[in-house]
Amino acid sequence: MLLVQHIRDHYDQVLLGLKKRNQVHADTTLQQVLALDELRKSSQTQRDQLQAEANTISKEIGILMKEGKTAEATAVRDRSAELKTQIKELEEQHVQAEEELKALLYTLPNVPHAAVPAGKSAEDNEIVLSHGEIPSLPEGKLPHWDLIKKYDIIDFDLGVKIAGAGFPVYKGKGARLQRGLINFFLDQALASGYMEVQPPILVNEDSCYSTGQLPDKEGQMYYASEDKLYLIPTAEVPITNLYRDVLVNVSDLPIKNVGYTPCFRREAGSWGAHVRGLNRLHQFDKVEIVQITHPDHSYEALEQMSSYVQGLLQQLELPYRVLRLCGGDMGFTSAMTYDMEVYSAAQERWLEVSSVSNFETYQANRLKLRFKGEDKKSLLAHTLNGSALALPRIVASILENNQGPDGIRMPKVLHPYLGFDHI
RNA sequence: AGAGAGGUGUCCGAGUGGUUGAAGGAGCACGCCUGGAAAGUGUGUAUACUCCAAAAGGGUAUCGAGGGUUCGAAUCCCUUCCUCUCUGCCA
């Protein structure tokens with residue numbers, strides 16, 4: 001959530017940023033925000049003054065009662081009753097202004113960083129770099145949805161029986177590949193200074209608001225209504241929320257956490273020919289890295305996280321490219337996002353396998369995640385996260401890119417994790 | 001799921017309607033004492049919003065959360081969340 005103070009102090013910059021996200025009505029909304037904040041403040045000032053008077057009177061009555069001067073005490077009571085009705089009115093005005101302000105702020109996405117290109121869709125994303133050779137596969141190459149059948153390692157039909165479409169069953173070497181990748185990703189993160197956590201995969205409403213899934217994406221999350229819990233769409237939600245309502249010491253920054261979880265997405269209305277096989281699932285596995293940093297160092301951290309993820313892809317011997325997302329394609333809460341895409345050689349297309357974002361104070365403001373600075377003042381921290389990595393499309397690319405006459409070759413780094421080198 | 005107990009500041013813990021943001025203790029910070037340390041001793045030790053150009057200094061709110069009673073609530077009432085104990089159930 002944007003800070004009103006920041007909107008007031010950097011109005012033009014905020015407006016420009018929101019325009020980059022194609023928020024056509026940003027000007028009106030921002031004006032409303034400022035007006036509501038003025039109303040909020042003035043009603044609070046008035047209320048506080050009257051409340052102060054009422055408090056004084058109450059104390060006087062207390063003293064009079066103690067001295068036994070009941071007649072005088074009753075006399076001041078009337079004044080107090082008058083104040084009370086006025087206070088109640090102002091209080092209602094104040095609460096209403098606050099709520100309207102909050103509702104309005106919820107509709108505003110984060111302001112993109114200056115380096116974020118303007119643009120409407122994925123077409124306008126900026127390709128930062130490409131790495132690796134695109135493999136040329138022989139005639140008869142198969143897309144992964146055929147390969148998994150040929151080698152009987154992932155079974156979609158079984159998943160349909162147990163749960164439904166988009167819930168695959170991994171079998172034999174397919175299951176071991178999953179487990180091997182998860183362990184490889186976790187070990188790498190640990191070696192990079194991340195602390196491993198195992199969070200719950202069902203979360204409450206507060207958690208969804210704090211990281212920005214609500215209000216906005218309610219239709220995209222599975223919801224257990226009996227207990228009012230959401231299945232997590234990403235480990236970002238529970239891990240970042242570990243630090244909700246937390247005041248950390250500046251010396252503890254940066255905080256680096258990593259966690260493996262399954263992720264659940266309803267993907268309502270996003271099915272079609274281009275999302276066959278592992279390209280889009282309702283349940284998938286992901287290792288997520290989360291950082292909480294000092295505001296001065298969050299963009300360094302973003303670059304670090306980007307190189308870290310690239311390192312994983314290099315070790316897996318996958319050709320990839322890095323995109324800087326344009327304003328129109330970025331997530332609601334992000335200030336800057338890099339997407340990593342891997343080339344899937346039989347489908348002959350790039351697949352997004354990681355998204356690394358800096359949220360600056362947008363989430364921290366909702367989380368009330370602050371740190372105590374050198375001057376003992378508390379300031380909002382910056383939050384970042386990234387997939388490192390999401391499994392299904394990595395698996396798809398490994399299968400497709402490494403297929404050959406003697407089966408599917410596994411990347412060397414995975415051999416110790418798998419116990420086999422070919423499928 | 002049923003019965004009972006309870007949720008107070010960094011921590012422990014007192015407090016059943018009146019000048020209580022909250023006794024006391026521990027911890028922590030700074031000072032005194034000391035050759036140095038311990039002990040002793042003194043002072044300080046929350047957060048948010050807000051007023052003020054700013055600082056200084058005010059105001060308001062906060063004793064799990066929300067609402068109510070009252071001139072006045074940590075204290076009384078209601079709702080709700082959470083924790084613990086016992087019983088039940090269960091991987």
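Quick note on labels: first sequence line is chain A, next is B, and so on, each numbered from 1. Here the structure is a predicted model, which means the values were calculated and not measured.
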*From the options B/rU19, B/rC51, B/rC71, select the nucleotide whose nearest atom is closest to the side chain of A/Thr45.*
B/rC51

Whole-Å gap separating [atom2] ([N]) and [atom1] ([X]):
X	N	atom1	atom2	result
A/Lys102	B/rC49	NZ	P	14 Å
A/Glu98	B/rG66	CD	P	12 Å
A/Leu367	B/rA48	CG	P	16 Å
A/Glu91	B/rU50	CD	C1'	14 Å
A/Leu39	B/rC49	CG	C1'	15 Å
A/Leu50	B/rU50	CG	P	18 Å
A/Asp37	B/rU50	CG	C1'	11 Å
A/Ile87	B/rG68	CD1	P	14 Å

For [X] and [Y], work out which heavy atoms get closest and say how close.
X	Y	result
A/Gln283	A/Pro262	NE2-CB, 4.2 Å
A/Phe332	A/Tyr106	CZ-O, 3.4 Å
A/Pro109	A/Arg21	CG-CD, 3.6 Å

[N] and [M]: how far apart are their [atom1] atoms, nearest whole angstrom?
N	M	atom1	value
B/rG21	B/rU47	C1'	11 Å
B/rA38	B/rU87	P	50 Å
B/rU79	B/rG4	P	14 Å
B/rG68	B/rA29	C1'	43 Å
B/rC76	B/rU69	C1'	8 Å
B/rG6	B/rC71	C1'	32 Å
B/rG40	B/rA26	P	8 Å
B/rC78	B/rG88	P	31 Å

If you round to the nearest 0.5 Å, how far is [atom2] of [Y] from [atom1] of [X]?
X	Y	atom1	atom2	value
A/Glu236	A/Ser207	CD	OG	11.5 Å
A/Leu229	A/Leu202	CG	CG	5.5 Å
A/Met410	A/Leu181	CE	CG	9.0 Å
A/Arg40	A/His94	CZ	NE2	5.5 Å

Could you let me know what [N] is paired to, Watson-Crick or G-U wobble, both distances under 3.5 Å, or none if it's on its own?
N	answer
B/rA55	none
B/rA37	none
B/rU79	B/rA65
B/rG42	B/rC30
B/rG4	B/rC84
B/rA48	B/rU60
B/rA74	none

*Of A/His94 and A/Lys88, whose closest RNA chain B nucleotide lies nearer the 5' terminus?*
A/His94

*Scan A/Ile61 against the nucleic acid and name what it touches under 4.0 Å (heavy atoms): base, sugar-phosphate only, or nothing.*
base

*asked:* Once you apply a heavy-atom cut-off of 4.0 Å, does A/Ser58 come out as touching a base, just sugar-phosphate, or nothing?
replied: base

*Should we say atom CZ of A/Arg179 is surrounded by more than 12 heavy atoms from elsewhere, each under 6.0 Å from it?*
no

*Can the positive tip of A/Lys173 be found less than 6.0 Å from the middle of the six-membered ring of A/Tyr151, inside 45° of the ring normal?*
no

_RNA chain B contacts among residues 202-211 of chain A, heavy-atom distance under 4.0 Å_ = none

*Under 4.0 Å: is that the gap between some side-chain N or O of A/Arg370 and OP1 or OP2 of B/rU47?*
no

*Contact pattern, 5' to 3', of nucleotides 57-64 of chain B - B, S or - by protein heavy atom under 4.0 Å*: --BSS---

*So, the side chain of A/Asn22 versus the backbone of A/Gly119: is there a donor-acceptor pair under 3.5 Å, distance only?*
yes

Taking only distance into account, with no hydrogens and no angle test, what donor-acceptor pairs under 3.5 Å do side-chain atoms of residues 56-64 of chain A form with protein atoms, sequence neighbours excluded?
residue, atom, partner, partner atom, Å
A/Thr56, OG1, A/Ala52, O, 2.8
A/Ser58, OG, A/Ala54, O, 3.2

*Hey, which of A/Tyr299, A/Tyr338, A/Phe359 is the one that makes ring pair (Phe, Tyr, Trp, His ring centres under 6.0 Å) with A/His113?*
A/Tyr299

